[in-house]
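First up is the structure itself, then whatever we jot down about it.
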There are 4 protein chains.
Amino acid sequence: MSGNTLGKIFTVSNFGESHGPAIGCVIDGCPAGMELSAEDIQLELDRRRPGTSRHVTQRQEPDQVEILSGVYEGKTTGTPIGLLIRNQDQRSKDYSAISDTFRPGHADVTYWKKYGIRDPRGGGRSSARLTAPTVAAGAVAKKWLKKEFGTIIRGYMSQLGPIEIPFISWDHVTSNPFFAANQSLVSELESYMDELRRDGDSIGARIEVVAQNLPAGWGEPIYDRLDADIAHAMMGLNAVKGVSIGAGFESVVQRGSEHGDELTPDGYLSNHAGGILGGISTGQDITVSLAIKPTSSIRIERKSLNKAGEPVMVQTLGRHDPCVGIRATPIAEALLALVLIDHALRQRAYRC
Amino acid sequence: MSGNTLGKIFTVSNFGESHGPAIGCVIDGCPAGMELSAEDIQLELDRRRPGTSRHVTQRQEPDQVEILSGVYEGKTTGTPIGLLIRNQDQRSKDYSAISDTFRPGHADVTYWKKYGIRDPRGGGRSSARLTAPTVAAGAVAKKWLKKEFGTIIRGYMSQLGPIEIPFISWDHVTSNPFFAANQSLVSELESYMDELRRDGDSIGARIEVVAQNLPAGWGEPIYDRLDADIAHAMMGLNAVKGVSIGAGFESVVQRGSEHGDELTPDGYLSNHAGGILGGISTGQDITVSLAIKPTSSIRIERKSLNKAGEPVMVQTLGRHDPCVGIRATPIAEALLALVLIDHALRQRAYRC
Amino acid sequence: MSGNTLGKIFTVSNFGESHGPAIGCVIDGCPAGMELSAEDIQLELDRRRPGTSRHVTQRQEPDQVEILSGVYEGKTTGTPIGLLIRNQDQRSKDYSAISDTFRPGHADVTYWKKYGIRDPRGGGRSSARLTAPTVAAGAVAKKWLKKEFGTIIRGYMSQLGPIEIPFISWDHVTSNPFFAANQSLVSELESYMDELRRDGDSIGARIEVVAQNLPAGWGEPIYDRLDADIAHAMMGLNAVKGVSIGAGFESVVQRGSEHGDELTPDGYLSNHAGGILGGISTGQDITVSLAIKPTSSIRIERKSLNKAGEPVMVQTLGRHDPCVGIRATPIAEALLALVLIDHALRQRAYRC
Amino acid sequence: MSGNTLGKIFTVSNFGESHGPAIGCVIDGCPAGMELSAEDIQLELDRRRPGTSRHVTQRQEPDQVEILSGVYEGKTTGTPIGLLIRNQDQRSKDYSAISDTFRPGHADVTYWKKYGIRDPRGGGRSSARLTAPTVAAGAVAKKWLKKEFGTIIRGYMSQLGPIEIPFISWDHVTSNPFFAANQSLVSELESYMDELRRDGDSIGARIEVVAQNLPAGWGEPIYDRLDADIAHAMMGLNAVKGVSIGAGFESVVQRGSEHGDELTPDGYLSNHAGGILGGISTGQDITVSLAIKPTSSIRIERKSLNKAGEPVMVQTLGRHDPCVGIRATPIAEALLALVLIDHALRQRAYRC
């Protein structure tokens, strides 16, 4: 029941700290016989990697993954897949000042209260750096889902602070550092971010993730519903404060005559359900939306406490993403893939 | 890993169908030595019970709970607590017409695709009736949390369709059938519901749940965060399409200088975090918000399919809640209690 | 992770005490579409039922099972199967004297130390009566395994105290109360038991369980091996002190040239492995052996302590099995079936 | 529910293959604040390490462990502890001939049937080499148990093939390569092993493991009994074919008047229970016995099949332990430690 493991049949056990020797994970339950190389995983890691534009942290990490086990002659063997990523650019000196201070909005204080000990270097385990193993595992899940069902999992940023970013085309997503599906807004986003960095402040964002081409029938009736497990995975991602499926919070003002998706021989007439009814996939697109809070590390000075409980003023220098939402898209995709493969395998077990 | 079990240390295994002989659950992991009676549980069940106002389903179910095990001479023994609720008011004839038809917005079609067999009586296992065992288990969790930590878990409806219901006082919640914390709006809510019933339609709602008086330190770093497990529990509740914590989707437009809750020797200056940082409780109130979709059972005729894939028109008669959100408050409280007791016990295991 | 649940995909959550209102279980993960009736389960319960010969406890329990959920129109629906058995013959007065005393060999003292509270009526939860829900769940597992793979799971008593009972024929097992596969020894066994009862003493036994007709490939490489899970299930049965597979403890004196089962196009030349290599089934018969300790409830007076830690003499009157091994055969079969169905479903999930 | 994870609160997720780049594990749930260094772990790894006497495999592996996470400034932080051991002495050429052939007694055939793909190098994942991460994790568990409760976990070989090795003193165990608690028999054991190697054959062994100084109250009532979890862990160890607790298979011939351990104010008068009653620890020594089969890799030629199902003769050359039991003692100790820490933490969670 370890809290650092995701999934029940296809499981990912995550380890590591931001400035420790390495981060990584153990994937258990991956079906045997699938072609898998480090390159397959590296492609996804590179999408999440820091230092790739001026709008994200300048920490330089190649995030080079090594497959330690579970693959033989280029194919998965069905045994656990160990993945290792060495940390390279640990500037621990940047963080030495904060080891006795709790940064507002950060997990410093809660880790201290929980464990009575805290690795302060780069946020230790609470760093967003620990999403890299999730992305690596998600790459394996994505590959299997695509191979078995043709499932495609993609995401994009739909809002950056006050700027809404209407979806135009998936093609746009790869050509800008924001994962915006709308190239015409990119220069506005860049200006906004440049100004934000000058202010030393940060901003929230909204991310959409979509899974297409999956069969009906994945999910469980009560508690471990497919939407419940998606919510668990997404809310477990750093900085996420809200998760919705389909019509989401719009459902509050909808009438049943509007919300309920009508069925016809040609398919559903709408998708307010977001592809899930009664916790089980309908076969329509699964649509998930995430609210991501602004980065807690900002240069603006704020009130806080130190370990002794004394008031201090805190200013967070160093290298930080001014909007953690910018790099969240590939992570959210990975999480959706991990939930889906887990339920795909569960359904194989239980099928009649 | 059964999908019908909630929790890892304090677990609830739920069974039953809407019109089968009985519903219930097995609670495992309840600490020994706590006073517990059927009355303790009945109090919470009665808050969720159908038929108590004209705004909810008129199904008559006493929802009388029997404790089958785990209690000796009025105290928990530490062994599993079996809870049984006999179904009484099964009018299976009401549902006979729909056994071959998929009702829009309902899980009929997904259960059919998943299992290849479906209990159509009252929605079978996908009925909201199956939240009764959750509420029963939640009563046990609430009692223990209050006894050990003084924790209070309460909820209220903050929006009914278009009508926002600003919080005035917890005292108001018990004096109206909507769980509204604002007595002055009750007649408006009643009029709205009366009109809705005349239209044969249904409506969504928004529910807030709050936990007060709990220590810092509950939760796990990655994946099984406290907020992740809350999201899992809440999104697993029938009709929920969105879950948020603290500032929730408002975080998207917030700057870090606004969102990050400052700490002072007198406490936090705000609670945008909703009581959770880095997946671990801060000791502040935990605040959760739920978006609940409109009931899928409406009298208005809609397009759908039958099992043969042929187009049919569907109209759902019978006894239904025109707003499932109305009875959702005690269920959401129960779910929050179940997540919190589970993490409270996990923290006892792991504490240094 | 509840300790009262067996299995990971096909799970059984057991509840109840010997003299509480009822015992039972929730089965989760049973594939949909299998014909299942209370009679299917009752047949196995009747094999385990007390009071059927003079050599077992005279407690009169019909052990009538009620299916509460998960079955619709005679078929499993894939949702949890709730099973209920009401306790009928609770003579709590028989046990009143022992509530402050720890009976040697019994779990009285350990439950007291663990929970600080103890249901003393008939041993409470530590009673062998709690194997009835296991047998009920095992009946479901047996039926599915037979239907899907033709798997047959059978057991017999191979030794009663000093009397070894060589296997002659499965046909003999049903015609005597000892589950002896050797009718010629039955009168000797009866005489032995009659003498034992006169002495007020009890005796150990050895049970063999065999599963036939199952495919190769069930099990997991490390930790959750098929043999490991069998050992877990069997050692979890009341009074079991030893479990072995295949050659078992005979392996200690075997050379590799003798132990290793040679393969030929016509099959294996021996089965020292007991049907399992590297934790995975070979397709040969799975052979398991259990050592069962003598009943701890005997009329002979022994030294013990009371709750106050004072020395007392204890004599256990009332109705008891003088050899718990006699009724253990159907329970061991059920446990083997439960482990096998769990791994059969796991293999369906993971298959390449 | 991954099959390669041991434990529920203190979990060990094992990965790796005999001749892959590395083996290791992720430990989750280790309490924070315990001093831990690589040396603590190395001490136990060195006891299991190959190549330390002429009686075990001559493979040269330093088994140098690296702590990748979960330790900060020499103390555990409560977050997952990643452990890595690089494989050094992979002579894959030794194994090339066997990739199409199933060695009798080995898991070659079952891995092939299960996964449809097999890493033949050194037995891949079925190699006893994968017990190294178990030993490493066990070192952490041992240290914590000793610190918290003074618990000591030790083992010894009690039989090597036909040679019984009566216990004389724990002091003898460290001074011979057999883990024999009886120095006077060591030369006989050495002669026996030398002869065995000349024959190209292998032999079974029996191992005893004992835990001393632990409190009463660890374990769960039904299914996850302490003895059940011990049996699971031990039977999951390569080559184990039998597990017993306390009197074990001797219980079969014991009367209740002999077996039941009497209690006095000065303690128990015997320990036939092996320290466990009703699945819960009594506070007495926990005594476990393992039957280990002879190594399957022998030079003697035997009948087998190749992947095409054709008959072949198989002779296993290369570097092998002629008695896998010789190096099993530290592994069995580690497994007992892992089960005990898991139940110690569970008891902390559930305590009244």
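Note: hydrogens, waters and symmetry copies are ignored here, and every other heavy atom, side chains too, is used. Just so it is clear: chains get the letters A, B, ... in the order the sequence lines come, proteins before strands, and each one is counted from 1.
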Next on the checklist: According to side chain to side chain contact (heavy atoms under 4.5 Å, CB included), who are the partners of D/Thr131, at least two apart in sequence or on a separate chain?
Outcome noted: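 In terms of side chain to side chain contact (heavy atoms under 4.5 Å, CB included), with neighbours along the sequence ignored, D/Thr131 is linked to D/Arg48, D/Leu237, D/Asn238, D/Ile331.
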
| field | Residue pair C/Ser297 / C/Arg103, side-chain heavy-atom distance below 4.5 Å | value |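 The answer is yes, as the side chains (C-beta and beyond) meet within the 4.5 Å cut-off.
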
Check your understanding: Is the shortest heavy-atom distance from the side chain of C/Phe15 to the side chain of C/Asn4 under 4.5 Å?
Key ->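 SC-SC contact between C/Phe15 and C/Asn4 ruled out.
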
* Asked: Would you say the side chains of D/Gln347 and C/Lys114 form a donor-acceptor pair under 3.5 Å?
  ->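 There is such a pair (donor and acceptor under 3.5 Å, judged by atom type) between the side chains of D/Gln347 and C/Lys114.
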
Original post:
Between C/Ile276, C/Leu290, C/Val243, which residue shows the highest count of heavy-atom pairs closer than 4.5 Å to chain D?
Top reply: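 Top count of heavy-atom pairs under 4.5 Å with chain D: C/Val243.
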
Heavy-atom pairs under 4.5 Å with chain D: which of C/Ser126, C/Ala107, C/Pro311, C/Ala205 has the most?
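Going by pairs under 4.5 Å, I would pick C/Ala205.
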
Against chain D, label [X] side chain, backbone, both or neither, depending on which of its atoms sit under 4.5 Å from a heavy atom there.
X	answer
C/Asp261	backbone
C/Ser289	both
C/Ile292	backbone
C/Asp108	neither
C/Ala273	both

- [ ] Name all residues meeting the ring-ring contact (aromatic ring centres under 6.0 Å, His included) criterion together with C/Tyr223; count only those two or more places apart in sequence or in a different chain, and write none if there are none.
- [x]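 Counting only residues at least two positions away or on another chain, C/Tyr223 forms no ring-ring contact (aromatic ring centres under 6.0 Å, His included).
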
If we define contacts as heavy-atom pairs under 4.5 Å, which of [options] has the most with chain C?
options	result
D/Thr110, D/Leu226, D/Val314	D/Thr110
D/Gly219, D/Gly278, D/Gly256, D/Pro162	D/Gly256
D/Gly105, D/Gly217, D/Gly279, D/Pro221	D/Pro221
D/Val312, D/Leu130, D/Thr134, D/Thr295	D/Thr134

Original post:
Should C/Arg346 and C/Asp224 count as an ion pair when the cut-off is N to O under 4.0 Å?
Top reply: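 Result for this pair is yes, salt bridge flagged.
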
Salt-bridged, C/Lys8 to C/Asp229, with N to O below 4.0 Å?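 No.
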
Any chance CD of D/Glu258 has more than 12 other-residue heavy atoms, nucleotides or ligands included, within less than 6.0 Å?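 Counting other residues, nucleotides and ligands, CD of D/Glu258 exceeds 12 neighbours.
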
Q) Aromatic rings D/Phe102 and D/Trp112: how do their planes relate, parallel, tilted or perpendicular, breaks at 30° and 60°? A)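 Tilted: the ring planes of D/Phe102 and D/Trp112 meet at 30° to 60°.
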
Chain C contact via D/Val288 - side chain, backbone, both or neither, heavy atoms under 4.5 Å:
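Neither part.
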
What part of D/Ile298 gets closer than 4.5 Å to chain C, counting heavy atoms only: side chain, backbone, both or neither?
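For D/Ile298, the contact with chain C is made by the side chain alone.
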
